[in-house]
J.: 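My structure is below; once you've seen it, I'll send some questions.
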Amino acid sequence: MFDLLSEPIRKYIRDKRWEYLRPIQAAAIKKILSSDEHVILASRTASGKTEAAFLPILSKVDFREPGVKVIYISPLIALINDQFQRIEDLCSYLDVRVTKWHGEASRSLKEQLIKNPSGVLLITPESLEAMLANAPQNARKLFGAVNYIVIDEIHSFLGADRGIQLKSILARLKPLNSGKASVVGLSATIGDYAQAKTMTGDEANTKVLLDKSVKEVDVKLRYHLSDGADLPIDLMKNLYLETRDHKVLIFPNSRSRCEEVAVKLKKLSDRVKGHPYYFSHHSSIHKELREYIETFAKTNVRYPFAIACTSTLELGIDIGSVDMVVQIDSVQSISSLVQRLGRSGRREGEKSKLLFYATNPWSLLQTLACLDLFDEGYIEPLRPAKKSYDILLHQVLAYVKQFSECDFNKLWENIHSNHAFTDIEEHELKDIVAWLLETNLLEKINGQLIIGVDGEYIVNSKDFYTVFKTEPAYKILHQEKPIGEMPFSPQLEINENLMLAAKIWKIIDIDHKASKISVIPASDGKKPAFSGNGGIVHSKIRERMLEVLVAKKEPAGMDETASEALRQLRKEFSGFGIECLEDDRPVLYKDSVVQLYTFQGTLVNRTLAFFLRKLNISFTYEESDSSFVFRELSQDLPTVLNEAMRLLPNLHAHISADLEENPSLLAFSKWGEYLPIEYQCELLINKYYDFENASAFIERVNFVRFT
DNA sequence: GACCTGCTGCGGCTTG
């Protein structure tokens with residue numbers, strides 16, 4: 001393979017003293033150099049995917065003619081900054097210019113590129129959106145000669161609104177260079193290759209190159225039952241002893257818990273004069289502090305450290321290799337587990353090390369299920385987008401802004417040929433455009449659609465370029481230096497103490513006008529409160545939990561208390577006599593209380609809850625064990641579910657009544673509120689609920705009674 | 001108790 005590469009690239013490899021090419025690199029070189037087909041490169045973390053894409057692309061592309069030749073698209077600014085150094089290093093062998101283009105990148109360098117377009121461009125989807133909408137003339141000048149579009153961490157776009165937007169942007173780029181650019185997608189965690197291929201818009205000519213080799217994982221499972229809001233002290237002490245001499249990432253699943261873990265570990269360390277390198281890293285920590293932590297982790301070789309973090313440290317940002325990954329209570333998805341495990345054992349021949357703590361039996365069971373699925377190489381498929389009317393509406397505004405004016409037929413031609421919207425029909429676009437005209441987001445002059453009076457505010461706001469929502473928050477400052485931010489809550493009051501950035505603070509001033517809170521150091525205080533929605537657990541994980549629950553086999557890696565907790569939970573359920581894992585579901589009858597364990601994913605349960613509400617049946621739902629508790633059930637469960645199915649033919653009427661009563665149901669969608677009401681209903685049905693799988697569950701479920 | 005992601009144009013100021 002080496003000989004196929006161009007001389008400067010071969011020199012790069014010699015200078016790096018690579019003894020051999022990784023399997024994914026060899027395969028990618030062969031494929032990319034021999035064809036112009038789109039490719040998806042799927043291979044575990046730290047397997048050299050970036051080079052797998054760029055070595056052959058840089059060998060093949062002729063950079064002498066003007067114009068940007070390669071676009072690299074990343075979901076994160078931090079990843080662009082990281083990859084910039086690697087790619088620039090590579091490109092220095094070819095005298096090719098690399099330019100960063102995102103909201104925090106240098107404007108003068110952007111302007112230089114527009115004056116004299118060439119080389120490789122690293123950019124975010126939102127920056128592409130902004131360029132297409134605001135300065136289409138720049139986009140034409142820059143992208144007329146693009147040969148390759150590399151999409152990093154492509155799984156982070158799949159199954160998400162941001163992915164539909166990216167698809168649409170790729171479709172809008174096509175006419176600028178007569179569609180001659182090939183797409184190369186990179187990821188370590190793709191569960192559904194068919195869906196990954198749809199990103200390119202040409203599934204038939206998209207090939208997947210897959211390196212299935214996996215790292216061995218060394219797993220230890222511990223159990224410390226928690227009765228209250230805080231983590232048990234014996235868990236914290238054990239965690240301290242296990243991690244004090246190592247470089248570790250700790251994933252406690254919430255920002256609030258990150259603070260708790262970082263502060264408590266630091267206190268334990270202080271007491272015995274241990275190292276001071278305890279940090280917390282999540283979205284509410286100020287950017288500069290986060291960057292400091294990342295740089296510390298990457299460049300420090302001498303000292304052990306512990307970073308309590310959320311999914312901010314899950315994607316490909318390079319913080320080097322850690323000795324161990326700690327997970328406190330279960331992950332919500334296998335994809336997330338794979339990414340987190342990939343942060344340790346990155347060196348050749350090294351194992352990944354995972355230390356897991358459960359604080360309740362269901363979290364232990366969920367982890368065992370996830371590890372089981374992980375061993376099989378399973379990654380949950382993402383829900384394919386169906387009728388994304390909200391993103392369509394956003395892209396309609398973007399198209400009209402990009403074109404300045406266009407008639408309906410031109411708009412329809414563009415939407416119709418856009419692979420993000422293959423399931424949208426002309427009459428649907430007509431309805432939505434008519435509604436946009438009625439609400440003054442669009443206007444029609446001489447048969448031409450233009451942005452309307454109220455639309456101007458929307459498309460000219462800096463909030464226009466994203467398809468996801470963000471909550472307003474207060475800035476937290478110490479001596480005018482920003483530490484982080486928090487959403488306003490009753491917790492934020494003068495003289496209250498709280499944790500942030502692994503330190504404890506006392507609030508001394510609140511400026512509501514400027515949304516600023518001043519703090520000074522303190523020695524004791526509470527965990528911060530953040531508002532958020534948990535993740536979505538896939539039905540496959542819940543089904544596997546049932547399987548592990550009724551199995552006899554003792555899973556490996558558990559300590560004695562964990563084993564005992566599993567034995568206990570298995571004993572509780574041994575009386576049910578589950579025979580068919582797919583259909584049988586336990587129902588516990590105790591006095592007048594009925595508890596149904598569905599072992600279904602979050603979306604199916606959410607849909608079942610919708611039915612129960614509509615039937616005026618009172619219940620409580622518990623996400624951790626996926627169960628519904630009924631305290632005054634007057635009919636038996638099969639009758640109830642039969643009635644639920646009878647609601648289906650009138651679904652729209654029920655949903656629209658719900659929406660009228662509670663418009664915040666649409667809060668999950670940033671652009672949904674601008675849709676006509678009947679399309680808002682469709683959006684709820686397609687994106688928020690899962691009627692297909694809920695109905696299938698109702699039809700096949702067989703209640704296994706236990707008293 | 002429950003994750004994350006991104007951003008323009010322009011006016012006005014400071015600094016070399």
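Each chain gets a letter, A, B and so on, in the order the sequences are listed, and its residues count up from 1.
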J.: Check DNA chain B against residues 282-290 of chain A and give the residues with a non-hydrogen atom under 4.0 Å, in numerical order.
T.: A/His282, A/Ser283, A/Arg290
J.: Would you mind classifying the nucleic acid contact of A/Lys527 as base, sugar-phosphate or nothing, using non-hydrogen atoms under 4.0 angstrom?
T.: sugar-phosphate
J.: Rounded to the nearest Å, what distance is computed from the CD atom of residue A/Glu259 to the P atom of nucleotide B/dA2?
T.: 12 Å
J.: When the distance from CD of A/Glu153 to P of B/dC4 is rounded to whole Å, what number comes out?
T.: 17 Å
J.: Given atom NE2 of A/His281 and atom C1' of B/dC4, what is their separation to the nearest angstrom?
T.: 12 Å
J.: Between B/dT5 atom C1' and A/Ile164 atom CD1, what is the distance in whole Å?
T.: 15 Å
J.: By nearest atom, which of the nucleotides B/dC4, B/dG6, B/dG1 is closest to the A/Phe468 side chain?
T.: B/dG6
J.: Describe the nucleic acid contact of A/Ala229 in one word from base, sugar-phosphate, nothing, applying a heavy-atom distance below 4.0 Å.
T.: sugar-phosphate
J.: List the atom pairs, with distances to 0.1 Å, where a side-chain N or O of residues 467-475 of chain A and a protein N or O form a donor-acceptor pair under 3.5 Å, not counting sequence neighbours.
T.:
unit_1, atom_1, unit_2, atom_2, d
A/Lys469, NZ, A/Ala667, O, 3.1
A/Tyr474, OH, A/His512, ND1, 2.8

J.: Going by salt bridge (Lys or Arg N to Asp or Glu O under 4.0 Å), name the residues that satisfy it together with A/Asp82, two or more places apart in sequence or in a different chain.
T.: A/Lys298
J.: Please determine, for the side chain of A/Thr310, which listed nucleotide (B/dA2, B/dG1, B/dC4) has the closest atom?
T.: B/dC4
J.: Just wondering, are more than 12 heavy atoms of other shown residues or ligands nearer than 6.0 Å to OH in A/Tyr457?
T.: no
J.: So, using salt bridge (Lys or Arg N to Asp or Glu O under 4.0 Å) as the criterion, who are the partners of A/Arg86 when residues are at least two apart?
T.: A/Glu51
J.: Does A/Lys287 have any salt bridge (Lys or Arg N to Asp or Glu O under 4.0 Å) partners at least two apart in sequence or in another chain, and if so, which?
T.: A/Glu104
J.: For A/Pro252 and A/Thr312, take the nucleotide of DNA chain B holding the closest heavy atom to each; which residue's nucleotide lies nearer the 5' end?
T.: A/Pro252
J.: Rounded to whole Å, how long is the line connecting atom CG of A/Leu76 with atom C1' of B/dG6?
T.: 10 Å
J.: Give a yes/no answer on whether the side chain of A/Arg257 brings an N or O atom under 4.0 Å of OP1 or OP2 in B/dC3.
T.: no
J.: Can you tell me which nucleotide in B/dC4, B/dG6, B/dG1 comes closest to the side chain of A/Ser311?
T.: B/dC4
J.: Grab the CG-C1' distance between A/Asp161 and B/dC4 for me, whole Å please.
T.: 13 Å
J.: Between B/dA2, B/dC3, B/dG6, which nucleotide gets closest to the side-chain atoms of A/Arg162?
T.: B/dG6
J.: Both conditions, 6.0 Å and 45 degrees, for the charged tip of A/Lys540 above the ring of A/Tyr378: are they met here?
T.: yes
J.: Quickly work out the A/His155 NE2 to B/dT5 P distance and round it to whole Å.
T.: 14 Å
J.: Just jot down the ring pair (Phe, Tyr, Trp, His ring centres under 6.0 Å) partners of A/Trp671, sequence neighbours excluded, or say none.
T.: A/His394, A/Phe464, A/Tyr674
J.: At under 4.0 Å between heavy atoms, which parts of nucleotides 7-15 of chain B does protein reach? Answer with one letter per nucleotide, 5' to 3': B base, S sugar-phosphate only, - none.
T.: BBBB-----
J.: Distance check needed: B/dT5 C1' versus A/Ile154 CD1, whole Å only.
T.: 16 Å
J.: So, A/Lys526 and A/Glu496, do they make that salt bridge, N to O below 4.0 Å?
T.: yes
J.: Restricting to salt bridge (Lys or Arg N to Asp or Glu O under 4.0 Å), what partner residues turn up for A/Lys503, sequence neighbours left out?
T.: none
J.: Considering residues at least two apart in sequence or located in another chain, which fulfil the side-chain hydrogen bond (donor to acceptor under 3.5 Å, both in side chains) criterion with A/Ser624?
T.: A/Glu622
